[in-house]
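Here's the structure we're looking at; comments come further down.
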Amino acid sequence: KVVLYAPTFRDTGDQSFLEEREKLEMLNGLLERSHAFFVVKVHPFTRISIPQGEYSHIIFVLPVTDSYPLLKLADVLVTDYSSIFVDFLLLDRPEIFFAYDLEKYVTKDRELYFDYDEFTPGPKAYTFEDFLKILEETLKREDHFKEARKRQRDLCFVHQDGNAAKRVFSFLLSFILIIGAVSALSLDVQENEKEPVIISELKNPAIFDFVIDNTGNLDTIEIYSLV
């Protein structure tokens, strides 16, 4: 099993268990017994002073590492207030929320956009001891939040089919082709007269409303997708 730990950045600094050798040894022991690895990906601005190569089952990746390729490798995500948990919902895998400094974070660091307990579909740990217990239970495949994750996933995502990149590419390609077609049109319109143009030869037709200024240049353009 692979556990990804991706905490958010604290403006006022952090008193994380990652700086406590004794707690790291306790975590490493649990991971060893559970045949799991704990991958630590901190914010690029976060610095960890404790030696990082002394633990057999805890792996510290470079802070500048892109988090998203790591998500698909993780069986469990551990985070706190980071929005990365929303993206992980698409994989429908367990999430643990380790909010050991919740009161400090919301009063001295940053506000939260939503009610924390309501918006986070996973078990909450507020002490290191609780975190170890929840992590051990989760690694034993105890998952009581599958329905909660589904509700949150349906709230956050319209599309859940893994084709987001394909849709973005299709839209951008259509946009480029339409801009080229509109630019090539010879239009005899009065100053500031608006006329909608429908270009239906594309796979995803769209209506483009535009205004030609008094020099004949394209002044403004608005896109109305039909799909």
Can you pull out every salt bridge (Lys or Arg N to Asp or Glu O under 4.0 Å) where at least one residue sits in residues 113-129? Sequence neighbours excluded, please. none
What are the two closest heavy atoms between Pro69 and Leu73, and how far apart are they? O-CG, 3.7 Å
How would you list, by chain and number, every residue that makes a salt bridge (Lys or Arg N to Asp or Glu O under 4.0 Å) with Arg110, sequence neighbours excluded? Asp11
Donor-acceptor pair, distance only, cut-off 3.5 Å: does the side chain of Ser34 make one with the backbone of Ala36? no
Of all residues at least two apart in sequence or in a different chain, which pass the side-chain hydrogen bond (donor to acceptor under 3.5 Å, both in side chains) check with Tyr81? Asp101
According to salt bridge (Lys or Arg N to Asp or Glu O under 4.0 Å), who are the partners of Asp130, at least two apart in sequence or on a separate chain? none
Would Leu155 end up clustered with Leu112 when hydrophobic side chains under 4.5 Å apart are linked, directly or stepwise? yes
For Glu142, all residues meeting side-chain hydrogen bond (donor to acceptor under 3.5 Å, both in side chains), sequence neighbours excluded: none
If only atom types and distance count, is the side chain of Ser174 paired as donor or acceptor with the main-chain N or O of Ser170 below 3.5 Å? yes
Distance-minimising heavy-atom pair for His159 and Leu90: O-CD2, 4.5 Å
I'd like to check the side-chain hydrogen bond (donor to acceptor under 3.5 Å, both in side chains) partners of Arg21; sequence neighbours left out, ordered by chain and number. Glu54
Note: Leu24 and Leu18 closest approach over all heavy atoms is CD1-O, 3.5 Å
Is the Phe98 to Tyr126 ring centre distance short of 6.0 Å? no
Can you pull out every salt bridge (Lys or Arg N to Asp or Glu O under 4.0 Å) where at least one residue sits in residues 69-88? Sequence neighbours excluded, please. Arg10-Asp80
Under a 3.5 Å distance rule, please check whether Thr120 uses its side chain to pair with a backbone N or O of Gly122 as donor and acceptor. no
Does a side-chain heavy-atom distance below 4.5 Å link Phe119 with Gln152? yes
Show every donor-acceptor pair shorter than 3.5 Å between a side-chain atom in residues 37-47 and any protein atom, with sequence neighbours excluded, or say none if there are none.
residue, atom, partner, partner atom, Å
Lys41, NZ, Pro63, O, 2.9
His43, ND1, Phe45, N, 3.0
Arg47, NH1, Pro44, O, 2.7

Please give me the minimum heavy-atom distance between Phe157 and Val86, naming the atom from each residue. CE1-O, 3.2 Å
Can you list the residues that meet the salt bridge (Lys or Arg N to Asp or Glu O under 4.0 Å) rule with Asp143, with sequence neighbours excluded? Arg149
Mind listing the closest non-hydrogen atom pair of Leu31 and His57 along with its distance? CD1-O, 3.4 Å
Which atom pair, heavy atoms only, marks the closest approach of Phe88 to Val76? CZ-C, 4.2 Å
What residues, two or more places apart in sequence or in another chain, satisfy salt bridge (Lys or Arg N to Asp or Glu O under 4.0 Å) together with Lys146? Asp92
Residue list, side chain to side chain contact (heavy atoms under 4.5 Å, CB included) with His35, at least two apart or on another chain: none
Taking Tyr5 as the fixed residue, which of Phe85, Phe17, Phe60 is the one that meets the ring pair (Phe, Tyr, Trp, His ring centres under 6.0 Å) rule? Phe17
Quick one, Leu27 with Leu135, criterion side chain to side chain contact (heavy atoms under 4.5 Å, CB included). Give me CA distance, side-chain angles, the key distance, then yes/no. CA-CA 10 Å; Leu27 174 60; Leu135 178 59; 3.7 Å; yes
Is a donor from one side chain sitting under 3.5 angstrom from an acceptor on the other, for Glu19 and Ser49? yes
Taking Val61 as the starting point, is it possible to reach Val78 by hopping between hydrophobic residues whose side chains are less than 4.5 Å apart? no
Do Val3 and Leu139 have side chains that get closer than 4.5 Å, going by heavy atoms? yes
Any residue meeting side chain to side chain contact (heavy atoms under 4.5 Å, CB included) with Leu62, in chain and number order, not counting sequence neighbours: Val64, Thr65
